Amino acid sequence: MINALRGMKDLLFDEAERYRYITETAARIAERYGFGYIETPILEETRLFKRSVGESSDIVGKEMYQFTDKGGNDVCLRPEGTAGVVRAFVQAKLDRQQGQKYRFYYFGPMFRYERPQKGRLRQFHQFGVESFGEAAVEEDFTLIRMLADIFDALGIRYTVKINSLGCEACRPPYRESLVAHLRDIEDGLCEDCRRRIATNPIRVLDCKNKSCQNLLREAPRITDNLCESCDRDFDRLKKLLSDGGISHEVDPNLVRGLDYYTGTAFEFVSDEIGAQSAIAGGGRYDRLVEFLGGRPTPGIGFAIGIERIMELVQMPQKTRRGWYLGTMVPEGIETVLDLTHELRKKGDTALVEYQPRGLKGLLKGADRAGARYCAVLGEDELQNGTIWIKDLEEKSERVVPLKELKS
């Protein structure tokens, strides 16, 4: 027997229904906010992620499914969604449409070669949105509100954490003070943190090692070192969230896991899924379009980890729907097939039992299929041009002419 690879799993039955419900709910809300669907390839050039996610990140350094294809190209399975959408944005020359705003949503599989655990797989799924061309902090607030609307619709409780990562003006001096502090405590930091001091020191703040977290409590905070513009925007964001009724807390160690973030960063966390508490996150990346060869364009987005919220979703109560048709006599199968086709053309869900069965067997089949109506053609019905119908929800039954059912 051949099994799925480690860290990859099939979505069947209830999980498949949950996945579809999550993506359809999120897509419906995104469209209310003016976002349109985009589909990008699963396979991309490796340099796309080296340039965007950053060579110092764990994703690029340790976790990518990277290989050389038969044409000699260095490619990889996408580890996240933003870079591919930005690449598509630049490739379509949308960055040259000055003053235009573009908003996209997407969902699908991502791939990272890491240790599988609950809520974290090697093939996992995300729903994400990306907004281009709008620099106003009100757009930051709008994306946080959209994410809150999605989780509210899915019945998921959450806490919102926010931070500002500064800009080109305030980050360099902050980096210097942070590096100076990290050098003082370097001996007590883990190996990854010591490596990041030279490559990307702000990522040290994101370390989940408890001993590192204890040492970092006295580290300088970016929110205490923002320039006037970033400080004003961050205050504005906090006011918008408060006025909008979105409870939030400032987390100075929230830096996100990818190198391209600047300005606003945010996470939605849950205490219902164990150690992996982040269920969604995002932020602003005003220089990423430029990094990937486009013209300077402000951008902001977020992504939801679908596997992480699967068990938290409050699914709507299942209701019976559609038809289950069958015949008790062999001569009736063609009539039943014709009726089934007519029902489907009208937009109804319809299943047909090909083998003649007794009434009890057909009712059991309809019940297992979750159908609302069981329509049965017996010998008398076939002769009279009628069909027997039972409503399995209301427990009522009737006999109607075949013409009536077709119409």
Side-chain angles (χ1 to χ4, degrees), residues 1-4 8-29 31 37 107-109 121 123 125 127 153-156 306-307 309-407:
M1 182 175 68
I2 300 174
N3 294 322
M8 302 185 182
K9 63 179 293 187
D10 305 304
L11 294 177
L12 298 170
F13 305 116
D14 181 62
E15 284 190 321
E17 284 188 30
R18 285 175 177 271
Y19 175 80
R20 185 174 178 182
Y21 178 67
I22 290 167
T23 55
E24 288 181 349
T25 300
R28 183 175 66 252
I29 292 172
E31 288 175 0
Y37 180 66
F107 55 88
L121 299 169
Q123 176 179 308
H125 298 80
F127 178 93
L154 295 173
I156 296 174
I306 294 179
E307 276 78 8
I309 65 172
M310 281 277 203
E311 296 178 7
L312 307 182
V313 174
Q314 301 298 312
M315 294 287 287
Q317 185 175 357
K318 284 187 178 181
T319 57
R320 293 185 173 277
R321 66 187 185 97
W323 294 77
Y324 188 91
L325 297 94
T327 177
M328 299 171 67
V329 291
E331 311 89 77
I333 186 60
E334 291 185 5
T335 302
V336 169
L337 286 170
D338 182 54
L339 282 172
T340 304
H341 182 59
E342 292 296 329
L343 289 167
R344 289 169 179 161
K345 284 201 300 184
K346 291 196 303 178
D348 290 334
T349 299
L351 295 173
V352 60
E353 172 56 58
Y354 302 127
Q355 301 300 321
R357 294 279 178 87
L359 181 59
K360 187 176 181 180
L362 290 170
L363 286 170
K364 281 185 177 180
D367 185 55
R368 285 194 296 267
R372 172 153 187 187
Y373 303 103
C374 180
V376 179
L377 199 62
E379 186 174 354
D380 291 344
E381 287 80 15
L382 188 60
Q383 290 179 355
N384 299 332
T386 59
I387 191 165
W388 180 85
I389 300 173
K390 180 165 185 177
D391 185 328
L392 298 178
E393 192 169 284
E394 296 184 356
K395 310 300 182 184
S396 61
E397 56 186 72
R398 58 196 172 110
V399 176
V400 301
L402 287 171
K403 291 182 180 179
E404 181 180 321
L405 186 59
K406 285 186 177 182
S407 63

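Values below: all heavy atoms of this structure, side chains included; hydrogens, waters and symmetry mates excluded. Since the structure is predicted, the reported quantities are computational estimates derived from the model, not experimental observations.
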List the atom pairs, donor and acceptor, that lie under 3.5 Å between side-chain atoms in residues 385-394 and the rest of the protein, sequence neighbours left out.
| from | atom 1 | to | atom 2 | distance (Å) |
| --- | --- | --- | --- | --- |
| Trp388 | NE1 | Glu397 | OE2 | 3.4 |
| Asp391 | OD1 | Arg372 | NE | 3.2 |
| Asp391 | OD1 | Glu393 | N | 2.9 |
| Asp391 | OD1 | Glu394 | N | 3.0 |
| Asp391 | OD2 | Arg372 | NE | 3.2 |
| Asp391 | OD2 | Arg372 | NH2 | 3.0 |
| Glu394 | OE2 | Arg372 | NH2 | 3.2 |

Review item, side-chain donor-acceptor pairs of residues 352-371, under 3.5 Å, at least two apart:
| from | atom 1 | to | atom 2 | distance (Å) |
| --- | --- | --- | --- | --- |
| Glu353 | OE1 | Tyr324 | OH | 3.4 |
| Glu353 | OE2 | Gln355 | N | 3.1 |
| Asp367 | OD1 | Arg320 | NH2 | 2.2 |

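Residues Trp323 and Leu405 form a side-chain contact, since some pair of their non-hydrogen atoms from C-beta on lies under 4.5 Å apart. Using a 4.5 Å heavy-atom cutoff, the side chains of Asn384 and Val399 are not in contact.
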Inset, instruction - Begin with the C-alpha distance, continue with both residues' side-chain angles, and end with the deciding distance and a verdict on side chain to side chain contact (heavy atoms under 4.5 Å, CB included) for Ile22 and His125. - result: CA-CA 11 Å; Ile22 290 167; His125 298 80; over 6 Å; no

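Listed here is the closest heavy atom pair of Thr327 and Leu377: OG1-O, 3.1 Å. Among all heavy-atom pairs drawn from Arg344 and Leu351, the shortest one is NH2-CA, 4.2 Å. In this structure, Thr25 and Ala153 approach most closely via the heavy-atom pair CG2-CB, 3.8 Å. Across all their heavy atoms, Glu381 and Val376 have their closest contact at CG-O, 4.3 Å. Scanning both residues, Val400 and Arg398, for their nearest heavy atoms gives CG1-NH1, 3.3 Å.
Distance CG/Leu339 to NE2/His341: 11.5 Å, rounded to 0.5 Å. Leu382 CG to Leu402 CG: the interatomic distance, rounded to the nearest 0.5 Å, is 8.0 Å.
Note on Lys9 versus Glu15: salt bridge recorded, some NZ/NE/NH1/NH2 to OD/OE distance being below 4.0 Å.
Residues passing the salt bridge (Lys or Arg N to Asp or Glu O under 4.0 Å) test with Asp14 are Arg18, sequence neighbours excluded. Applying the side chain to side chain donor-acceptor pair (under 3.5 Å) test to Tyr21 and every residue at least two apart in sequence or in another chain returns nothing. For Lys318, the salt bridge (Lys or Arg N to Asp or Glu O under 4.0 Å) partners two or more places apart in sequence, or in a different chain, are Glu17. A search for side chain to side chain donor-acceptor pair (under 3.5 Å) contacts involving Glu31 returns Tyr105, not counting sequence neighbours.
Relative ring orientation between Phe107 and Tyr37 is described as tilted, the plane-to-plane angle lying within the 30° to 60° band.
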